[in-house]
Amino acid sequence: MATTAVAGHGHPPTTTGLDHRKVAIWAFIGSECMLFTSLISTYLIYKGRSVTGPFPHKACSPPQCPTELKAILDIPVTSISTFVLLMSSLAMVLALAAVENKDKPGWAGTGWWAGVLESSKFWLMATAILGATFLGFQAYEFTSFVHEGLTIRTNLFGSTFFTLTGFHGAHVTVGVLWLLTLYAIDVRRGLGPKDALIVDISALYWHFVDVVWIAIFTLVYLIR
Amino acid sequence: MAHEPHSHSEPSHADHASMGEVHEHPTWKQYKWVALILTVITVIEVWVYYIPSFVESRLFVPALLSMSAVKFAIVVAYYMHLKYDHKLFRALFTGPLIIAILTLIVLLFLFGHLAISAG
């Protein structure tokens, strides 16, 4: 019986037969859905209601703006950062697969690429680097917005945009730190199938951060 | 029985399977295809953004929302393994998500961004 197997390894039996940590991360992700939906709702409610510029999708001319300003959102740059975050999710599932199959040498086949696929250290670091790259893009975007006169206090767009994307960026930062911690553990003692659950939990968090960005990219950046 | 240093705190892979947590996950090739599909949808999203006639049309917003929803569902189903996982996890995720989306829609009606035509 499932719970017997769990108890045999020092875990108390659970009524659901599921590990509490995984139930907890899904419950946490459910609550995070509500948090981000509230932030997205606020952005959408105030969308198009800024009295002064800069505006996200249209140019701003005097008297609304002191000087002529172009539309502030840089879609090409954000598209690249979106692609980077999507690829980080791919790297994360490959990190989890490498950890889960650590006790099955050759599970990925043969050749140099199979060697790469079997390296959990490589994929954990790749995910962290891609996450940090996304944060770099966000830092560039925030800095350029401030230089163009948009701060969190400028108008309703600035307030809701910086709050929403700032919260998301904070979550990505936590995810990168979490990944680097896992990488350090992997380097120090190695991660194996017995650690699959802790990597799975971090992967769920990371993918959630990715799906939130999928929604933000469409609702904030693409829909005018 | 001798335990490994972390066997008390971390159940083995076999234990995960017995707890209904780990089922057959997609393979590398499937993950690669999922990543390709996500990339293609993202490219299409950005591409339509630069077609003025399409942006002006009534299809623009529904098309973008649909593509975003497909990407969202693919990541949740395949990368987060919700398609393969226990139904309790599905309930824990979809329940709050549905409540959140319904709240968002109600708020948009309340603040006049959405309206139902009476005639």
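Taking CD of E56(B) as the reference point, atom CZ of R224(A) lies at 8.0 Å (rounded to 0.5 Å). Between the CG atom in L65(B) and the CG atom in L219(A) there is a gap of 6.0 Å [rounded to 0.5 Å]. Interatomic distance, L104(B) CG to S41(A) OG, rounded to the nearest 0.5 Å: 4.0 Å. A distance of 6.5 Å separates CZ of F111(B) from OH of Y46(A), quoted to the nearest 0.5 Å. To the nearest 0.5 angstrom, H86(B) atom NE2 is 4.5 Å from L18(A) atom CG. The CH2 atom of W107(A) lies 9.5 Å from the OG1 atom of T27(B); values are rounded to the nearest 0.5 Å.
Aromatic pair W28(B)/W113(A): centroids less than 6.0 angstrom apart.
For L222(A), the parts sitting under 4.5 Å from any heavy atom of chain B are the backbone and the side chain alike. In this structure, the portion of L88(B) lying under 4.5 Å from any heavy atom of chain A is its side chain and not its backbone. Neither the backbone nor the side chain of A203(A) comes within contact range of chain B; no heavy atom of the residue lies under 4.5 Å from a heavy atom of that chain. In this structure, the portion of V55(B) lying under 4.5 Å from any heavy atom of chain A is its side chain and not its backbone. Only the side chain of L96(A) comes within less than 4.5 Å of a heavy atom of chain B; its backbone N, CA, C and O stay farther away.
The contact list for residues 204-213 of chain A toward chain B, using heavy atoms and a distance under 4.5 Å, reads L204(A), H207(A), F208(A), D210(A), V211(A) by residue number. Contacts of residues 73-88 of chain A with chain B at a heavy-atom distance below 4.5 Å involve I75(A), P76(A), S79(A), T82(A), F83(A), L86(A), M87(A), listed in sequence order. Heavy-atom neighbours of chain B within the stretch residues 116-129 of chain A, taken at a separation under 4.5 angstrom, comprise L117(A). Contacts between residues 34-45 of chain B and chain A, defined by a heavy-atom separation under 4.5 Å, are made by A35(B), L38(B), T39(B), T42(B), E45(B).
The choice from A91(B), S68(B), G95(B) that makes the most heavy-atom pairs within less than 4.5 Å of chain A is S68(B). With chain A as the partner, the residue from F60(B), Y50(B), Y78(B) showing the most heavy-atom pairs under 4.5 Å is Y50(B). Of the residues considered (T42(A), L94(A), I214(A), I45(A)), I45(A) shows the highest number of contacts with chain B, using heavy-atom pairs under 4.5 Å. When the candidates K47(A), M92(A), R49(A) are compared by the number of heavy-atom contacts under 4.5 Å with chain B, R49(A) comes out ahead. If you tally non-hydrogen atom pairs under 4.5 Å between each of I40(A), L35(A), L44(A) and chain B, the highest count goes to L44(A).
Between F93(B) and W26(A), the ring-plane angle classifies as perpendicular under the 30° and 60° cut-offs.
Considering all non-hydrogen atoms of both residues, I101(B) and T37(A) come closest at N-CG2, 4.4 Å. Heavy-atom minimum distance, L92(B) versus V23(A): CD1-O, 3.6 Å. Across A100(B) and C33(A), no two heavy atoms sit closer than the pair CB-O, 4.2 Å. Of all heavy-atom pairs spanning K32(B) and L90(A), the tightest one is N-CD1, 4.4 Å.
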- Could you please spell out the steps behind the side chain to side chain contact (heavy atoms under 4.5 Å, CB included) verdict for V46(B) and F217(A)? CA-CA 10 Å; V46(B) 177; F217(A) 182 60; 3.8 Å; yes
- Item | I99(B) and M34(A): CA distance, side-chain angles, deciding distance, side chain to side chain contact (heavy atoms under 4.5 Å, CB included) verdict | CA-CA 8 Å; I99(B) 293 170; M34(A) 293 181 147; 3.5 Å; yes
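Within a 6.0 Å sphere centred on CZ of F72(B), heavy atoms belonging to other residues, nucleotides or ligands number more than 12. Within a 6.0 Å radius of CZ in F54(B), more than 12 heavy atoms belonging to other residues, nucleotides or ligands are found.
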